[in-house]
Amino acid sequence: MKSLENKKYYPEIESSVSFPNIEEEILIKWNKEKTFMESLSNRKDSKEFVFYDGPPFANGLPHYGHLLTGFVKDIIPRFQTMMGNKVDRRFGWDCHGLPAEMESEKELGISGRKQIQEFGVENFNNHCKESVMKYTKEWEITVGRQARWVDFVNDYKTMDLNYMESVMWAFKQLWDKGLIYEKDRVMPYSWKAETPLSNFETRLDDSYRERIDPAVTVKFEITETNLDFNNNHKSYLLAWTTTPWTLPSNLACAVGKNIDYSLITKNNENFIIASNVLENFTEELKDMKIIKKIKGEKILGTKYEPIFSYFKANKNSFRVLSADFVNTEEGTGIVHMAPGFGEDDQIVCEENNIQLVCPVDDQGRFTKEVTDYYGINVFDTNEKIILYLQEKNTLFKKEKYTHNYPHSWRTDEPLIYKSVNSWYVNVSSFKERMVELNQGINWVPNHIKEGTFGKWLEGAKDWSISRNRFWGSPIPVWKSDDPKYPRVDVYGSLEDLEKDFQVKPTNLHRPFIDKLTRPNPDDPTGKSTMKRVSEVFDCWFESGSMPFAQVHYPFENKSWFESHFPADFIVEYIGQTRGWFYTMMVLSTAIFDKPPFKNCICHGIVLDKNGVKLSKKLRNYPEPELIWKKFGSDSLRWFFAASPILKGQNLQIDMEGKGISDTQRLIITPLWNAFYFFCLYANAEGIKAKENYTSENPLDLYALLKTKELINSIENNLSNYDIAGACQSVPNFIDAINNWYIRRSRPRFWKHADNKDSSNAYDTLFTVLLNITKVLSPLMPLISEEIYTKLTGGKSVHLLNWPTTDFFPKDDDFLNKMDIIREICSAGLSIRKSNNIRVRQPLEEIILVGENLEWILEFKDYILEEINIKNIIIQKDSDSLYKEKLTIDLRKLGPKLGKNIKDCLEGANNYEWKINEDGTAKIRKYILLEDEYSIEKESMPGTQSEEINKGEIVASLKLELNQELIKEGIARDVLRTIQNKRKDLNFDISDEINVIIWGDTQVQSSIKQFKDYISINSLAKSIKIQELKETEEINISEEKKIRLFIKKN
RNA sequence: GGGCCCGUAGCUCAGUCGGUUAGAGCGCUACUCUGAUAAAGUAGAGGUCGGAUGUUCGAGUCAUCCCGGGCCCA
């Protein structure tokens, strides 16, 4: 069938290939040919599509979450590039912050502020600078292997001088707008790291762990109250706490106004406690008597004696206050308040003019006011304090309490809540504006806008942006060191600094920046000095500054920034609604009064098989390396892209990568097979195909229209940032091409290279493959590149424009027709199945009943061949095959008939209806208008007929056999048996053979009659009918057996 | 305790404006077909749509409550 002198226009493709190997070769090729750069320079003068790349922490290795984000960060820009836009992709690195410092401390074997200072801030920061970039190589390798195109050369780093200057500028902008203030506030505080942490810092690293703490219920002796206990005993408030160490700092107690409390008495002591917690104290309150029940508001104003006397003189203190946050879930319904160590406590006490006390130093030790515990870490004083309470007879109850408590992610020590001085952005003053601006952002999934993100903005609190640390952008505030001559200077540029300090800094890091001091201009004595405050920025302030800081705005690139802000598109995981999305929103609203981005995809979290977050400790995920080697990165990309994870849901991934192998098996391999088929036969026939949209062959038309449909679908979905939606249209398409178009067209691809229809087939398949490699290129960039380049010899599919559908056929109705043809074939096969008639047995005819079905005859051959039948009969109606069934339009009739709809429905289903001459229908006593019902065909019960296209067509097979048909069936059985034997003997497709067969007389006569048919299809040079005693009998069907011998010619 | 998301077949998920008998893909079983294809076709098994109550002629879909999971905030 093939001749050796045929010219081969396509590479010889293996049917089974190693996709990982192909991928690696493509990556090498891209590298060599600098394809990414070319894709950018091609679009030099095009409209820009602005993408912001969120900077990862540089000192960790990339994991699945990064891979996932990375795929999306690649898919959308590739698509937009093909759509004619220029899409810059600058990589960014988040260099500053606590993780970087902690890593350095570990590497240097030092810990804590004191040791860093001894080591030298300059040395320490130098080390941070090196250490923080140590995994950049690994990042480049991984990002490269996932076929993500990123510009690593022009990357930005948050530790660059230019970047830091822009951050400084941003702070000055906020300062000038009056949005910055400095204040003591209670914050999560790490006494190991000696710095407060922002609330999202404690969350993002999953810092909550189980911890067992003592929980004590203590007695506060009442000194003055309006309550009447009807006796003269001493009275006490019962309060509960899991942090006994905060008791020395107690300044008040709080109750809920509307909570019910009981006044009770036992053993000559009175107590106040919430009524519905009494059952938790049955033992301690055995034999108690309830004096009366009251609402919390009656207790307000009651005064008590502090347990510790350190702050006895504090004004307005030691009273019962009202607080909304009090509940009776745990404890006593009376909350002990230490405003130095609880945020809620602080707010309530401030409202009541109580000045807070905070007798704990930076390292978590009591200061000297607390004489008894001076210098001891607060956690170590818990037991000592409990002992003291016992001695003083103020301990009412002691328990162990297990709860989730935040820990420092690095050092594992429990955090404390502690009042510290910090710089704040007054976010609450413009949160309404953020909510408004948020309306202009398109979120994927949509519910993020009003849900997670919208709600977060509505409740936004002021943001603590300073950290008492070393490695970070400095807070650019200089203060007078003498409170008698106060002065504050804030700087927004290097130039401003130079003006006042006569030096232009070349490094804004500590300790260099701290060396800039000058005499206080407001101090006539000339003795005080302007010194920088010691804090550095929260690194989230820096990443939030990325839109402008990455280009050193406003000092450079002014017009660039103005045309590249806001971004068209960003993507990160859903948790960034508290992180990067949020901090960008804050800064962008405050400084520019604009949203920072227009479209944002929030993807979900990658989990293991059991729904547990992936973690290095658990090793509960396959190494990316393994996935690359086994399946390649396109499989992983598709697995992610087609999954619900892009709609904010979680995605489970198992150790063996099952979902990933399914992707390869169900998507990539079938696509490859279509390509392989094309190359195999085009080479065999010596054909060079060309792009051609004009074939009128129905199969070609169908393939082209399916392709057009696919292009439109992927384009619409990707334009709307619905990547999973784009993927979803592909399996159906591949099925149509492989299992219908190619299968039905197969004979057109061989043995008649000169034939017009054949070249149409080649051209069409070529055109289909060419177009799908284009539209799939964002979704599987490596495999589509391989197919494209092998198919066309072109440079790269990624340098092309998105295909236009202008050239494709317009007859979209044709698609429906062909789909009905496919349905008819399914019905035919189904009828065969239920009647137990094998497909090789030809049948006489298929009967199709319905209105206006003549068009089906155009497609006659496909049906005949697919279900092995001789003829098609089309009829208008047939009483024996179907009944007419009336279907009511419930949407219309439901409201009209109300309760009677049931009766009407029953009538319709029992065929108690008739159509009137005016087109109305009568069912039982109801009259239905013409548009309130429809008539469909319903096949008669039995095995011979099936409904198609929702009852518009009924198909039936004529099942009777005659001698001719039986003989032909036997001939096909024989052929199949010969073919199987060839396969068993490993003969080549083109080997010619000689055949000897023996069977009964019916078999013999079949073979004689269909000798040509058998020999042509099995490449048999000769077929002899001859007795074969030695060879085994083979069943060729349920009834027939033959003996068969074949050998190569 | 509050907010957001989710709960539909063994698995992964669709399910429009509430509408008659709840779908797809994968997996499983049987049969069929097959010289590009580790492919394909036909069928079968597999569902109290997390639970309850309510609204309605009618609820997977709407409302309320509860249960379970995830994320976030207290």
Side-chain angles (χ1 to χ4, degrees), chain A residues 1 13 15-16 199-200 203-204 206 325 327-330 343-344 445 447-448 450-456 458-459 461 573-575 577-578 602 604-605 607 609 611 613 642-644 647-652 654 658-659 662 664-666 669-681 684 724 728 731-732 735 738-740 742-743 746 749-750 822 825-834 836-841 866-868 887-906 908-909 972 976 979-980 982-983 987-991 1017-1019:
Chain A
M1 76 189 264
I13 314 291
S15 67
S16 72
N199 47 359
F200 36 84
R203 311 292 164 175
L204 280 173
D206 194 19
F325 66 84
N327 64 55
T328 55
E329 297 285 315
E330 296 163 323
E343 197 182 354
D344 290 329
H447 59 76
I448 303 286
E450 300 301 337
T452 310
F453 196 65
K455 290 269 156 46
W456 175 254
E458 279 168 27
K461 291 185 181 171
Y573 98 108
I574 192 164
T577 46
R578 305 287 185 265
C602 300
I605 300 166
L607 304 173
K609 217 175 155 187
K613 242 182 170 176
S643 80
K647 296 180 178 170
Q649 300 296 306
N650 298 337
L651 180 69
Q652 304 193 339
D654 70 12
K658 184 164 180 314
D662 285 349
Q664 187 177 84
R665 190 166 55 82
L666 298 168
T669 302
L671 184 70
W672 185 263
N673 286 335
F675 168 60
Y676 168 70
F677 174 88
F678 174 85
C679 292
L680 183 70
Y681 284 96
Q728 269 155 26
N732 178 288
D735 181 60
N738 276 16
N739 298 323
W740 184 257
I742 293 183
R743 200 152 60 97
R746 207 151 37 189
F749 286 100
W750 53 61
R822 292 179 69 184
C825 293
S826 287
L829 292 170
S830 172
I831 295 168
R832 275 181 174 277
K833 162 80 188 164
S834 42
N836 240 335
I837 300 172
R838 65 191 193 283
V839 177
R840 278 196 302 268
Q841 174 61 60
E866 183 72 10
I867 56 182
N868 194 18
T887 307
I888 357 187
D889 187 336
L890 283 168
R891 285 205 170 109
K892 283 181 181 147
L893 274 179
K896 194 168 149 186
L897 292 185
K899 271 188 183 148
N900 290 326
I901 192 81
K902 271 184 187 155
D903 188 37
C904 183
L905 195 56
E906 210 178 275
N909 290 338
R972 283 194 63 161
R976 177 88 284 270
Q979 299 285 40
N980 272 343
R982 287 181 58 117
K983 213 174 191 176
F987 289 2
D988 191 84
I989 304 176
S990 54
D991 288 336
N1017 283 292
S1018 63
L1019 299 185

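In the text below, chain A, chain B and the rest are named by the order of the sequence lines, each starting its count at 1. Model, not experiment: these values are computed from the prediction.
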Over 60° means perpendicular and under 30° means parallel, so classify the ring planes of W672(A) and F675(A), tilted if in between.
perpendicular

Using the P atom in both, what is the distance from C28(B) to G10(B), to the nearest Å?
16 Å

Check: K833(A) and L829(A) side chains under 4.5 Å, non-hydrogen atoms
no

Could you check which of C4(B), A30(B), C72(B) has an atom nearest any side-chain atom of K833(A)?
A30(B)

Suppose you measure atom C1' in G18(B) against the same atom in A63(B); what distance do you get, rounded to whole Å?
13 Å

Closest of A40(B), C4(B), A36(B) to the N739(A) side chain is A40(B)

Complementary nucleotide for C71(B) - Watson-Crick or wobble, under 3.5 Å:
G3(B)

Considering only G41(B), U12(B), G35(B), which nucleotide approaches the side chain of L829(A) most closely?
G41(B)

Looking at G19(B), C33(B), C73(B), which one has an atom nearest to any side-chain atom of R578(A)?
C73(B)

Determine whether a donor-acceptor pair (N or O, by modelled atom type, separation under 3.5 Å) exists between the side chain of R578(A) and the backbone of W456(A).
no

Base, sugar-phosphate or nothing for I888(A)? Non-hydrogen atoms, less than 4.0 Å.
base

For the pair Q979(A) (side chain) and N1017(A) (backbone), establish whether a donor and an acceptor sit closer than 3.5 Å, ignoring hydrogens and angles.
yes

Whole angstrom value for the distance that separates P of C33(B) from CH2 of W740(A):
18 Å

Does a side-chain heavy-atom distance below 4.5 Å link N738(A) with R743(A)?
no

Which residues share a side-chain hydrogen bond (donor to acceptor under 3.5 Å, both in side chains) with N732(A), sequence neighbours left out
none

What is the separation between atom NZ on K892(A) and atom P on G19(B), rounded to the nearest whole Å?
15 Å

What does S826(A) touch in the nucleic acid at a heavy-atom separation under 4.0 angstrom: a base, only the sugar-phosphate, or nothing?
sugar-phosphate

Would you indicate what R972(A) reaches in the nucleic acid, counting non-hydrogen atoms under 4.0 angstrom: base, sugar-phosphate, or nothing?
sugar-phosphate

Interatomic distance at C1', U48(B) relative to A22(B), whole Å
14 Å

5'-most contact on RNA chain B: C825(A) or F677(A), nearest heavy atom basis?
F677(A)

Rounded to the Å, how far apart are I742(A) CD1 and U34(B) C1'?
15 Å

Look at the side chain of R891(A) against the base of G18(B) and say whether a donor-acceptor pair falls under 3.5 Å; ignore hydrogens and angles.
no

Against the side chain of I901(A), the closest entry in C57(B), A36(B), C26(B) is C57(B)

Where the side chain of R665(A) is defined as all heavy atoms beyond and including C-beta, which of G27(B), C73(B), U32(B) is the nearest nucleotide?
G27(B)

Roughly, in whole Å, what's the span from CD in Q979(A) to C1' in A36(B)?
14 Å

For G15(B) versus C62(B), give the span between their P atoms, rounded off to a whole number of Å.
12 Å

Roughly how many Å apart are C13(B) and C6(B), using the C1' atom of each and rounding to a whole number?
12 Å

Atom pair distance, as rounded to whole Å: NZ in K455(A) and P in C73(B):
16 Å

With nearest nucleotides of RNA chain B determined for K899(A) and F675(A) from heavy-atom distances, which residue corresponds to the more 5′ nucleotide?
F675(A)

Interatomic distance, K461(A) NZ vs A74(B) C1' [rounded to whole Å]:
7 Å

Taking A40(B), C73(B), G35(B) as options, the one with an atom nearest any side-chain atom of R976(A) is G35(B)

Look at the side chain of R838(A) and decide which nucleotide, out of U32(B), C26(B), A40(B), has an atom nearest to it.
U32(B)

Inter-residue atom distance I888(A).CD1 - C904(A).SG, 0.5 Å rounding
4.0 Å

Given the P atoms of U21(B) and C26(B), what is the spacing between them in whole Å?
28 Å

Using every non-hydrogen atom in the two residues, find where S1018(A) and R982(A) come nearest and quote the distance to one decimal.
O-NH1, 2.8 Å

Take atom CD of E458(A) and atom C1' of C4(B), then tell me their distance rounded to the nearest Å.
12 Å

Determine which nucleotide pairs with C33(B), using a 3.5 Å limit on both distances of a Watson-Crick or G-U wobble pair.
none

Complementary nucleotide for G60(B) - Watson-Crick or wobble, under 3.5 Å:
none

N738(A) side-chain proximity, nearest of A36(B), A43(B), C57(B):
A36(B)

Can you tell me if the side-chain N/O atoms of R840(A) get under 4.0 Å from OP1 or OP2 in U34(B)?
yes

Please name the nucleotide paired to C65(B) by Watson-Crick or G-U wobble geometry with both distances under 3.5 Å, or report none.
G51(B)

Integer-rounded Å distance: A38(B) C1' and L671(A) CG
17 Å

Please tell me which of the listed nucleotides, U12(B), C26(B), C4(B), lies nearest to the side chain of H447(A)?
C4(B)

Inter-nucleotide P distance (A30(B), C4(B)), Å rounded
50 Å

Who pairs with C13(B) - Watson-Crick or G-U, where each distance is under 3.5 Å
G23(B)

Determine the Euclidean distance between corresponding P atoms of G3(B) and G46(B); express it in Å to zero decimal places.
41 Å

